[in-house]
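Worksheet: the structure to be examined is printed underneath.
All ligand and atom numbering here is 1-based and tracks the order in the structure.
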Amino acid sequence: MPRVAVLRIGYRLVRDDRITTHIALVARAFGADCIYTVGGEEDLAETIRNVNKRWGGDFQVEFVDDWKKVVRQWKNSGGLVVHLTMYGLGMETVEEVQRGERNILVVVGAEKVPRELYSMADYNVAVSHQPHSEVSALAVFLDRYFKGEELKKNFRDAKMKITPSAKGKNVVEL
Ligand code: SAM
């Protein structure tokens, strides 16, 4: 599977810690390798460390000061940069997104995003042209990018595993 990172930026992240945690959890569960976040609390790293410990995998959290540097580095390394915004091209119309083959940095915003991001991204991409949320946009985008394959991902060294059941909860400790 291609390498996928998520970059979370925006002007009001300090007020958005819970959403940033949800974004990190969605990114991890839906196949991304890491999240870069501008702002956010050390709590986020601790939460994800605990999730990795129990449920496996090595999803990484990185706090960054300069989001432009992350975008530039990603582009210089040959990766694709896609900014999710309701104003962009429908994701179903962008061939490179449909192919889902390249390493990709997926950028999601908060209330507002810096204008420069629109020009720095290779594509501004919409997950429908209706306003919703960075959490839902990211989940749908990743699922389409990986064509559903991420749902079968094996999280290495998990201590807990769910045995799927139609009723009730069945969790096995490994
Ligand atoms: N006006 C914003 C926009 O550009 O999409 C909506 C702000 S929304 C509160 C916060 C974030 O959710 C946005 O920065 C974007 O990443 C994501 N988002 C919301 N609706 C979206 C959509 N339809 N398609 C893609 N991303 C969306």
Side-chain angles (χ1 to χ4, degrees), residues 1-41 43-45 47-48 51 59-77 79-151 153:
M1 292 216 301
R3 181 172 165 73
V4 173
V6 173
L7 169 63
R8 161 80 161 146
I9 63 175
Y11 288 139
R12 294 163 70 175
L13 292 186
V14 180
R15 294 173 50 183
D16 267 355
D17 269 346
R18 204 159 160 265
I19 303 280
T20 305
T21 302
H22 286 188
I23 289 173
L25 290 171
V26 162
R28 176 186 170 277
F30 288 80
D33 301 286
C34 70
I35 183 168
Y36 301 102
T37 172
V38 182
E41 304 274 325
D43 280 8
L44 170 66
T47 302
I48 298 299
V51 172
F59 184 81
Q60 301 290 314
V61 176
E62 203 174 310
F63 297 99
V64 293
D65 294 325
D66 184 354
W67 63 267
K68 287 184 210 164
K69 199 167 152 191
V70 177
V71 170
R72 272 191 229 108
Q73 278 172 347
W74 200 266
K75 288 178 95 159
N76 290 343
S77 71
L80 189 68
V81 175
V82 167
H83 167 221
L84 299 187
T85 166
M86 64 190 282
Y87 305 107
L89 300 170
M91 71 171 293
E92 65 288 355
T93 68
V94 181
E95 213 178 301
E96 278 200 293
V97 168
Q98 288 305 303
R99 263 191 250 124
E101 287 167 358
R102 285 183 66 183
N103 292 346
I104 183 171
L105 178 70
V106 187
V107 190
V108 292
E111 284 298 310
K112 276 185 173 178
V113 296
R115 285 197 76 80
E116 284 162 284
L117 177 59
Y118 287 84
S119 50
M120 285 181 83
D122 293 304
Y123 296 103
N124 293 288
V125 161
V127 182
S128 96
H129 292 97
Q130 300 298 320
H132 46 97
S133 130
E134 51 272 51
V135 180
S136 50
L138 180 64
V140 171
F141 181 88
L142 291 177
D143 186 58
R144 296 282 175 94
Y145 197 73
F146 289 124
K147 302 185 174 65
E149 287 298 311
E150 84 289 355
L151 299 180
K153 180 172 173 170

Any N or O of Ser128 closer than 3.5 Å to N or O of ligand 1: yes
Counting C-beta onward and ignoring hydrogens, is there a side-chain heavy-atom pair between Val64 and Lys69 closer than 4.5 Å? no
Where does the angle between the aromatic ring planes of Tyr118 and His83 fall among parallel (under 30°), tilted (30 to 60°) and perpendicular (over 60°)? perpendicular
Short question: side chain of Arg8, backbone of Gly109 - any donor-acceptor pair under 3.5 Å? yes
How far is atom 24 (N) of ligand 1 from its nearest protein heavy atom, and which residue and atom name does that atom have? Val127 N, 2.9 Å
If you compare His132, Arg8, Met86, Met91 by their heavy atoms, the one closest to atom 6 (C) of ligand 1 turns out to be Met86
Protein heavy atom at shortest distance from atom 27 (C) of ligand 1: Ala137 CB, 3.7 Å
Please identify which atoms of ligand 1 are closer than 4.0 Å to at least one heavy atom of Val108. 16 (O)
Measure the spacing between CZ of Arg144 and CD of Gln98 and express it to the nearest 0.5 Å. 8.0 Å
Closer than 4.0 Å to some heavy atom of Tyr118 - which atoms of ligand 1 meet that? 4 (O)
Nearest candidate to atom 19 (C) of ligand 1, where distance is taken over non-hydrogen atoms, out of Ser136, Ala110, Ser133: Ser133
Donor-acceptor pair, Lys68 side chain versus Met120 backbone, under 3.5 Å? no
What do we get for Tyr87 next to ligand 1 when only non-hydrogen atoms under 4.0 Å count, side chain, backbone, both or neither? side chain
Are any side-chain N or O atoms of Asp122 and backbone N or O atoms of Val82, one a donor and one an acceptor, separated by less than 3.5 Å? no
Please state which part of His129 comes within less than 4.0 Å of ligand 1, counting heavy atoms only: side chain, backbone, both or neither. neither
Glu111, Glu134, Gln130, Lys112: member with heavy atom nearest to atom 12 (O) of ligand 1: Glu134
Looking only at heavy atoms, the pair that brings Tyr145 and Pro2 closest together is CE2-CG, 3.9 Å
Atom indices of ligand 1, in the order listed, that fall short of 4.0 Å to a heavy atom of Gly109: 10 (C), 11 (C), 14 (O), 16 (O)
Out of Val106, Thr85, Val135, whose heavy atom sits nearest atom 4 (O) of ligand 1? Thr85
With a 4.5 Å cut-off on side-chain heavy atoms, are Phe30 and Val4 touching? no
Less than 4.5 Å apart, any side-chain heavy atom of Thr85 and any of Val113? no
of all protein heavy atoms, closest to atom 15 (C) of ligand 1 is Leu84 O, 3.1 Å
